[in-house]
Amino acid sequence: MLDFIIILPLLVVGAGAIALMLLASMENLSEGSTALVSIGIFAFAFAVQLMVSVSGNVAPYETAFSGMLTASTFTKVAGLIILACGLFSCMIAQTYFTQNKFSSPEFYSLMMFAASGMLLLTMAAELITLFISLEIMSLAIYVLVGYDRSRIKRSEAVLKYLMLGAFAGAFFTMGAALIYGGAGSTRFALISKYLATNSFLESPVLVAGTLLVIVAFLFKVAAFPFHAWVVDVYDGAPLPVTGFMATGVKTAIFAVFANFIVLDNGMKGVWVDYLFYVAVFTMFAGNLIAIGQNNLKRMLAASGIVHSGYLIIALVAVGTENFTGGVIIFYLAAYAAATLGVFTALAYLGGTDERRDSFDDFKGLAKVRPYTAAAITIFMLSMAGIPPTAGFMGKFYIITDAIRADQMLLAVLGIVSSILSMWYYLRLVIMMYFKEPEESFEVSGVSLAPVGTMILAVSVFAIGFYPVFL
Amino acid sequence: MVSTILFSAFAVLAVAGAAGLVLLRHPMNGAMSFIMTLIALAGLFALLSAKLIFAIQLIVYAGAIMSLILFIIMFLNIGEKDLPDESNRWFYFGGGAVVIAPLAIFLLKVVNKLPSCEATIVGDSFGSVKGVGMVLFTEWLLPFEIVSILLLVALVGAVVLAGKREGKL
């Protein structure tokens, strides 16, 4: 019975997705009401997730479904972030579809299916379960990326993502098979037990297996050298999907990545040396790509690479004993709030066919729409890591954690990269405040996205101050 | 001894079939060569005493799924003139091989380092319908159930991407 309590939010989202899929056959279902229903389901699942387990740092049930899933405060908060991402992405979608007409109820249904895959992914403690949840999430996202069939850019994005995603999936399967061959089990608990008595480096099969699994994870979070796809795919995907991908997928993968890497101290010790270089190259490659972009969506995609780099720093610094993952989850929450905030603002400013999408299109926004411009500024400052926003606190924790783990060089490089990233974040702020407006930024249609922008702007500060009030 | 010969034969057939899938130009030939891979894999499963998987591999993959794919290929009636120009494909194959080579060498080294072990006879219930069912519906219930979500997502996705869309709204 306890097993079912930890997957209760998952059941809510899954049941919602299936109900919406069945409702899609109804003729007179309006677009607005489907969006509201899905927002309601996400909100309900969020509330359920908030209530299911006891608070505090004790894992209430170490394992569930005979070791297939694990539940802890870490997975619980990761689930909360994912459900919140789903909720705000639905708000974005509702507004977006008042201006871009290619919606159908299945869109929201697939969004919920993707969210249920992500929730499973955060809790997965077994390689086959992990693979199936990874594929549930990826398949739903592939379809969402290619949802608008009328434009060639979308088809290009979905083809690139599908091909490379299948490649990553194949790598993962191969890795899982090798790990099974080495440790005799696909369960994290038993692999960990095996590694406690056998040295990691003496088992080449395990080394190769974990390498392939880590490659698959790095691909999914767009870390160097597997970052090339991300800019085109994020740019080609419809706006709500890009927002959901950038935040939800990243949260789910980093949660499972952290759960995987803390399996064994010896194993982590081997990979940390390589993840060090991955983190450094990811940050600087991402910064280089982002500085060159003129399109806002492409810039956000590239900045997503940089944020993956910071999160890999957090992974390098994480300890295998008494793992709580607080640093990782805090940064993910801060990143998700700021990124989704920009996307909610873009949803109503973007206009038909995402007309306004480059830096120049936002000239003088502050004069015409001061509140939106202020909100976007808050999100940009949070991503750049300027106090007192959540982004600053997140970076602060990551860097202090890296110093605690004797990764001084990594901490310094993180700060350097953070200073570099101000160039492209503040560029938008300068465009909005110090240029004369060229157009009136008229938006059509009633929408929920401005509400989302305001909530997220407040939560950027709320998340930032949360540790202070604790 | 016999099992080693059989293993090598099936392994060679499986790899040859997969290579054929990539190298043959006409989709029909590719599909036929892929069937060879699937049957060879069924043989490998049989060598591992996985009776149920052996049967499922033959019936579902080599039988049902491949005939569906062949049906679609025939339905499209692809002729020589419909095929894209792939004159420089060897160039791409070469590039791909260079990229994959380090990984392949690494994996070969790993496989060579595997400790040798004697094959032992597993119990009668291993791989039987009952044996697999017992494990699948007790310990492995969760993965089994979530596969249904995966299939549902694939179904909805296929309908959304390929289905006729009326001008709703």
Side-chain angles (χ1 to χ4, degrees), chain A residues 3 7 10 14 17-18 21 24 27 29-31 64-69 97-98 101-107 109-110 113-114 116-117 120 124 126 128-133 135-140 142-144 146-147 149 158 171 174 178 181-182 203-209 211-212 215, chain B residues 15 18 21-22 41 44-45 48 50 53 84 92 96 99-100 102-117 120 122 132 134-169:
Chain A
D3 290 3
I7 59 161
L10 180 89
I18 293 169
M21 181 188 83
E27 281 291 320
L29 196 66
S30 76
E31 149 64 24
F65 292 102
S66 48
M68 302 290 157
L69 297 181
F97 287 134
T98 56
K101 312 276 183 201
F102 59 86
S103 157
S104 62
E106 287 93 348
F107 184 89
S109 178
L110 281 167
F113 276 127
S116 51
L120 270 171
E126 195 269 334
I128 295 174
T129 314
L130 204 170
F131 178 67
I132 299 170
S133 9
E135 288 304 305
I136 294 175
M137 176 185 87
S138 312
L139 243 145
Y142 299 145
V143 179
L144 286 173
Y147 210 86
R149 287 181 301 180
V158 72
F171 268 79
M174 182 98 187
L178 288 174
S203 169
V205 191
L206 271 180
V207 177
L211 170 73
L212 291 177
V215 164
Chain B
V15 174
L21 172 65
V22 182
L41 278 181
L44 289 176
F45 288 138
L48 291 168
I53 311 279
Y92 289 114
V99 174
I100 288 296
L103 188 71
I105 294 167
F106 172 65
L107 286 179
L108 272 178
K109 270 201 170 139
V110 164
V111 171
N112 278 335
K113 283 250 174 67
L114 275 177
S116 62
C117 69
T120 48
V122 286
V132 172
M134 288 295 280
V135 179
L136 196 60
F137 290 103
T138 53
E139 275 183 59
W140 296 85
L141 185 65
L142 184 88
F144 177 77
E145 293 293 345
I146 60 174
V147 165
S148 57
I149 303 184
L150 180 63
L151 293 177
L152 202 59
V153 172
L155 204 67
V156 176
V159 170
V160 165
L161 287 185
K164 205 184 341 176
R165 201 172 292 174
E166 293 149 41
K168 238 180 193 179
L169 282 172

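The basis for the numbers below is simple: all heavy atoms, side chains too, and nothing from hydrogens, waters or symmetry mates. Each chain gets a letter, A, B and so on, in the order its sequence line appears, and its residues count up from 1.
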State, to 0.1 Å, how close Val205(A) and Gly182(A) come at their nearest heavy-atom pair, and which atoms those are. CG1-N, 4.1 Å
By side chain to side chain donor-acceptor pair (under 3.5 Å) - contacts of Ser109(A) (at least two apart): none
Name each donor-acceptor pair under 3.5 Å that joins a side chain in residues 140-161 of chain B to protein atoms two or more places apart or in another chain, with its distance.
{"from": "Ser148(B)", "atom 1": "OG", "to": "Glu145(B)", "atom 2": "O", "distance (Å)": "2.3"}

Go through the atoms of [X] and report whether side chain, backbone, both or neither lie under 4.5 Å from a heavy atom of chain B.
{"X": "Leu211(A)", "answer": "side chain"}
{"X": "Leu120(A)", "answer": "side chain"}
{"X": "Leu212(A)", "answer": "side chain"}
{"X": "Ile128(A)", "answer": "side chain"}

Between Glu135(A), Met137(A), Glu126(A), which residue shows the highest count of heavy-atom pairs closer than 4.5 Å to chain B? Glu126(A)
Can you check whether Phe113(A) reaches Ile18(A) side chain to side chain, under 4.5 Å on heavy atoms? yes
Roughly how far, to the nearest 0.5 Å, is the CD1 atom of Ile53(B) from the CG atom of Leu41(B)? 12.0 Å
